[in-house]
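Right, one structure below, let's go through it.
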There are 2 protein chains.
Amino acid sequence: MPTLKKPLQAAPGRKMKRTPQRLAIFDYLDGNKKHPSAEEIYRSVSRTYQSMSFATVYNTLKALTGKGMLRELTIDPDRKRYDPDTSPHHHFICLQCRKIVDVHSILTVETPREIARDHLVVGTHVEFTGLCPSCKKRKKMQ
Amino acid sequence: MPTLKKPLQAAPGRKMKRTPQRLAIFDYLDGNKKHPSAEEIYRSVSRTYQSMSFATVYNTLKALTGKGMLRELTIDPDRKRYDPDTSPHHHFICLQCRKIVDVHSILTVETPREIARDHLVVGTHVEFTGLCPSCKKRKKMQ
DNA sequence: ATAATACTTTACAATAATTCCAACTTATGC
DNA sequence: GCATAAGTTGGAATTATTGTAAAGTATTAT
Ligand SMILES: [Mn+2]
Ligand SMILES: [Mn+2]
Ligand SMILES: [Zn+2]
Ligand SMILES: [Zn+2]
């Protein structure tokens, strides 16, 4: 189920030039549930697309984010992580290995009055932190 | 109501050397509700404490965080922000000016089964994003 | 098709945040 | 007071990310 390749030109006002490097990046991102960092994207894509430049990766990520086709996550303290799934959902991050997993359950979090009164709220994101299954097991063992 | 200076030596296993530079940093942080960045802390503290080094600020922040006396926020995409209020609470960040404000309302967010089953959840943080009152007004005007 | 135009890519330089380091300095327990 | 583990410092080093200018390419208008 392609979610990126199609919309690339579909929505109005969102058309971008279809360059092979972008297609390669889209292709890597499409359906990717690992919330990769720019570096991971670069590493993977440049393996198949020799001349890929780091700047192109960043450019593309910024362009996609700007057009609302990609979500930039700030949940990892070390680097930005990217999520091709732009539907509203939440995340869990492992404090040990930094794995990020989706939380697609609908969490109803009402915006508190104190904020709603004078702020403009455009997004609500819940981040759960802790240990992923494997790190949890590893910690228990030793 | 001092929240930092006292606990500094109070809780067992949390004792740290009381150096003047640390006290200066604690003092700045104590009761601070601005969620400052390392640089803001450095700028302010070094004004009164001449020889303060950036490394010391980072060292101290890391030490405090490690001892659970300070919370490191990853909500700002550009830099880490620090919160001396370690009681569980949530945040709103302005997408325009990066102001972070506390949300002390008790938001009941149950951990979804899909996560609770095999992960170990140690924290839940809700981040609201949008425009703060002044940025909201400014945007409306022009 | 062709050419003009605007947008992209690339290699590399430049920033910016944060960490590392090695030589001093100091707080603290005895 | 002294020993010493812990902390401080300036500067170098690292890492993530952004900027740049020249060269390349897709798209648009002829
Ligand atoms: Mn996700
Ligand atoms: Mn706070
Ligand atoms: Zn893990
Ligand atoms: Zn604002």
Side-chain angles (χ1 to χ4, degrees), chain A residues 5 8-10 12-28 35-67 69-82 98 100, chain B residues 5 8-10 12-29 35-67 69-70 72-82 98 100:
Chain A
K5 266 173 282 190
L8 176 54
Q9 62 204 326
R14 325 205 132 172
K15 54 170 173 284
M16 297 170 67
K17 275 192 186 174
R18 277 177 165 281
T19 68
Q21 25 288 79
R22 281 181 177 176
L23 288 175
I25 294 173
F26 295 159
D27 197 55
Y28 174 73
H35 308 90
S37 65
E39 208 235 337
E40 283 161 345
I41 295 168
Y42 172 72
R43 269 216 311 274
S44 172
V45 173
S46 67
R47 209 175 302 138
T48 57
Y49 198 107
Q50 264 304 326
S51 77
M52 176 72 61
S53 142
F54 227 124
T56 297
V57 171
Y58 275 109
N59 286 342
T60 303
L61 295 177
K62 189 177 287 189
L64 284 176
T65 303
K67 297 202 185 301
M69 298 165 69
L70 186 65
R71 190 167 155 199
E72 213 176 75
L73 301 180
T74 60
I75 195 176
D76 181 334
D78 294 334
R79 51 185 61 73
K80 287 182 187 132
R81 305 273 292 255
Y82 297 87
R98 299 275 140 94
I100 296 176
Chain B
K5 267 173 285 189
L8 175 55
Q9 62 202 325
R14 326 204 133 172
K15 55 170 174 283
M16 298 170 67
K17 271 194 188 177
R18 279 178 161 283
T19 68
Q21 26 287 79
R22 280 182 176 177
L23 288 176
I25 294 173
F26 296 160
D27 198 53
Y28 173 73
L29 248 23
H35 307 90
S37 65
E39 208 236 336
E40 283 161 342
I41 295 168
Y42 171 73
R43 270 216 312 274
S44 174
V45 174
S46 67
R47 209 175 300 140
T48 58
Y49 199 108
Q50 264 305 327
S51 77
M52 175 73 60
S53 143
F54 228 125
T56 297
V57 171
Y58 275 110
N59 287 343
T60 303
L61 295 177
K62 188 177 287 189
L64 284 176
T65 304
K67 296 201 185 304
M69 298 165 69
L70 185 65
E72 212 177 75
L73 300 180
T74 60
I75 195 176
D76 181 335
D78 294 333
R79 52 186 60 72
K80 286 180 188 138
R81 305 274 291 257
Y82 297 87
R98 298 275 141 93
I100 295 175

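Since the model is a prediction, treat every value here as computed from it, not as a measurement.
Taking the side chain as every heavy atom from C-beta outward, Val45(A) and Val57(A) never approach each other to under 4.5 Å. Counting heavy atoms from C-beta outward, Tyr82(B) and Leu73(B) have side chains that stay 4.5 Å or more apart.
For Arg79(A), counting side-chain heavy atoms from C-beta on, the closest listed nucleotide (dT10(C), dA16(D), dT8(D)) is dA16(D). Listed nucleotides: dT8(C), dT8(D), dT27(D). Nearest to the side chain of Thr56(B): dT8(D). Each of dA27(C), dT9(D), dT9(C) was ranked by its minimum atom distance to the side chain of Met52(B); first place goes to dT9(D). Listed nucleotides dT18(D), dT8(D), dA5(D) differ in distance to Lys17(B); the shortest reach to its side chain belongs to dA5(D). Distance from the side chain of Ala55(B) is smallest to dT9(D) among dT18(C), dT18(D), dT9(D).
For the pair Asp76(B) CG and dA16(D) P, the interatomic distance rounds to 18 Å; values are reported in whole Å. Separating the CZ atom of Phe54(B) from the P atom of dG7(D) is a distance of 20 Å, rounded to the nearest angstrom. Arg81(B) has its CZ atom 11 Å from the P atom of dT18(C), to the nearest Å. Atom OH in Tyr49(B) sits about 11 Å away from atom P in dG10(D), given to the nearest Å. In this structure, CZ of Arg22(B) is placed 14 Å from C1' of dT25(C), rounded to the nearest angstrom. The CG-P distance, from Asn59(B) to dA22(C), rounds to 15 Å in whole Å.
Between the side chain of Ser46(A) and the main chain of Tyr49(A), no donor-acceptor pair closer than 3.5 Å is present. In this structure a side-chain-to-backbone donor-acceptor pair under 3.5 Å is present from Asn59(B) to Ala55(B).
The nearest heavy atom of DNA chain C to Asp78(B) and to Thr60(A) marks one nucleotide each, and the one closer to the 5' end goes with Thr60(A). DNA chain C is contacted by both Gln21(B) and Ser37(B); Ser37(B) maps to the nucleotide lying nearer its 5′ end (nearest heavy atom per residue).
Regarding contacts with the backbone of dT18(D), every side-chain N or O of Tyr58(A) stays at 4.0 angstrom or more from both OP1 and OP2.
Residue contacts for Pro77(B): at a heavy-atom cut-off of 4.0 Å it reaches no nucleic acid atom on any strand shown. Contact annotation for Thr19(A): backbone-only contact, meaning every heavy-atom pair under 4.0 Å involves sugar-phosphate atoms and none involves a base. Contacts of Ser51(B) with the nucleic acid, taken as non-hydrogen atoms under 4.0 Å apart, involve only primed sugar atoms and P, OP1 or OP2.
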